[in-house]
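Throughout, numbering of the chain's residues begins at 1 and tracks the sequence.
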Amino acid sequence: LGELTRRDRPVTLPLVGITASGGILTLRIRYCGPGDAAAAAHLIEQVEVEVRSVLGDHCFARGEGPGAELLAADLIRRLKATGQTLAVVESCTGGMLGEILTAGPGASAAFVGGFITYANQQKIALGVRAESLAAHGAVSPVVAAEMARAGRERTGASHCLAITGIAGPDGGSAAKPVGTVHLALDAEAGSRHERLTLVGDRAMIRRWTTSAALGMVRAWLNEGGGAK
C-alpha cells in the first residue's frame, strides 16, 4: 500500500494502519486533519477505493468484528450465492472450523456439517486408507486429500475442506516440526492442497490454521472453482 501507510504522511490526508491477528490483516483508515466530518468521510472513502483497487479480492469484509468470523461469513455468503455447499473434516483444529462457520445466522444454507477425526481410527472409519496412514503418517498431503475426499463422499457436499497437522507443544519431529499443517480441498471441480509451516503456541497455530483454511476455499471460489 506504499504511501498510504507512511507515518509521515501529511495530516491533510487519511492514514492507513494495519493490524495482524490470527492470520488476518485488518486495515483502519484514519483522518485527523482539518475540515468537518463530511469532508473527512469523503477523504476516507477515496482512500478506501484506492486500497480496494490495490488489494482486490484479498478484501473480504468491511466493518467491526473478529476477522475470522467475518471471513467465514463472507465464505458462507459466496457459497449460498452460487448454490454450493461445504463440509469439513478436522483433526488438529478439533472443531474450530465448524464452530466459526456456524457463528453467524443462515450458515445451514451452505454448511452441511462435518467430522472431527482426531484419532487415526476415526480417519479410517471415515474412509482414509490404513495403508496411507502407515506409509505417510496422519500429517501428510496424502491423508489430508483422502480426508477431504471421504468427507465429500459421505456428505454429498460440493466442497469438503480437511485439516490435519501438529499443533504442539509435543508430537513434532525433524521432518514434521510442530506447526506443520496440511490443508486439502476436494470439490466437484477439482482439488487443492496447501502445506503450512506455522510458528507459535498451540492456540495460535490452531487459530491461524482455521483462518488459512477459510482463505484457501475463498481463493478457490475467486478463481472459479465454485462455478457450476
Checklist entry - Is Thr85 reaching over with its side chain to a backbone N or O of Ser158, donor-acceptor style, under 3.5 angstrom? => result yes
Checklist entry - According to the interplanar angle, ranging from 0 to 90°, do the rings of Trp220 and His159 count as parallel (below 30°), tilted (30 to 60°) or perpendicular (above 60°)? => result perpendicular
Item to check | Same apolar cluster: Val112 and Met96, side chain cutoff 4.5 Å | outcome: no
Item to check | Main-chain N/O of Gly95 paired to Glu90 side chain as donor or acceptor, under 3.5 Å | outcome: yes
Item to check | Closest contact, heavy atoms only, Leu71 versus Gly215 | outcome: CD2-N, 4.0 Å
Checklist entry - Looking at Ser132 and Glu146, what are the two nearest heavy atoms and their distance? => result OG-OE2, 2.6 Å
Checklist entry - Quick one: do Met204 and Leu183 end up in the same hydrophobic cluster if we chain Ile, Leu, Val, Met, Phe, Trp and Tyr together by side-chain heavy atoms under 4.5 Å apart? => result yes
Checklist outcome for this item: CG (Leu75) and CE (Met216) are apart, to the nearest 0.5 Å, by 11.0 Å
Next on the checklist: For a quick test of reading the model, state the closest non-hydrogen atom pair linking Gly17 to Arg7 and the distance between them.
Outcome noted: CA-NH2, 4.5 Å
Checklist outcome for this item: Heavy-atom nearest pair, Ile100 first then Glu69, reads CD1-N, 3.7 Å
Checklist outcome for this item: Between Leu97 and the options Ile116, Leu161, Leu86, Thr102, the side chain to side chain contact (heavy atoms under 4.5 Å, CB included) test singles out Leu161
Checklist entry - What do the steps show when you test Arg149 against Glu153 for salt bridge (Lys or Arg N to Asp or Glu O under 4.0 Å), and what is the final call? => result CA-CA 6 Å; Arg149 189 178 309 116; Glu153 290 173 353; 5.4 Å; no
Checklist outcome for this item: dist Ile29:CD1 -> Gln46:CD (nearest 0.5 Å) comes out at 11.0 Å
Checklist entry - Which atom pair, heavy atoms only, marks the closest approach of Gly22 to Trp208? => result C-CD1, 3.0 Å
Checklist entry - Do side-chain atoms of Arg218 reach the backbone of Asp57 as a donor and acceptor pair under 3.5 angstrom? => result yes
Checklist entry - If you measure from CG on Leu221 to CZ on Arg78, what distance do you get to the nearest 0.5 Å? => result 5.5 Å
Checklist entry - Where is the tightest heavy-atom contact between Ala162 and Ala148, given as atom of each residue plus distance? => result CB-N, 3.6 Å
Residues 163-177 side chain polar contacts: donor-acceptor under 3.5 Å, at least two apart:
unit_1: Thr164; atom_1: OG1; unit_2: Ala138; atom_2: O; d: 2.8
unit_1: Ser173; atom_1: OG; unit_2: Lys176; atom_2: N; d: 3.0
unit_1: Lys176; atom_1: NZ; unit_2: His136; atom_2: O; d: 2.7
unit_1: Lys176; atom_1: NZ; unit_2: Val139; atom_2: O; d: 2.8

Checklist entry - Is the closest basic N to carboxylate O distance between Glu3 and Arg6 below 4.0 Å? => result yes
